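Working notes, beginning with the structure itself.
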Amino acid sequence: MVKARRARAVAWVAVRGWWRRRREAGRSDAGMTTSEYAVGTIAAAGFAAVLYKIVTSGAVSGALESVIGKALDAPF
């Protein structure tokens, strides 16, 4: 009887410790701040602009048209 009671107490302490760690983890400042979001947004917009310029350039556009043309003309 004493062993079972002690085992329940040990288990309860473990569960209580787990819940305490979960609450503390939720309170930590692990997310991005507004300035980090702003820098990330500007970087993403800059990358999108560069990618758009590359894809719409003459050489890449011609290569894409060639690939699409070959795919559409493929025999079945």
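These numbers come from the heavy atoms of this one structure, side chains and all, not from hydrogens, waters or symmetry mates. Values in this document were obtained by computation on a predicted structure and should not be read as measured data.
Residues passing the side chain to side chain donor-acceptor pair (under 3.5 Å) test with Thr41: none are found, sequence neighbours excluded. Checked against side chain to side chain contact (heavy atoms under 4.5 Å, CB included), Val50 has the following partners two or more places apart in sequence or in another chain: Ile54.
Clustering ILVMFWY residues whenever any of their side-chain heavy atoms sit less than 4.5 angstrom apart, transitively, puts Val39 in a cluster other than the one holding Phe47.
Here the CG-OG1 distance, from Leu51 to Thr56, works out to 9.5 Å after rounding to the nearest 0.5 Å.
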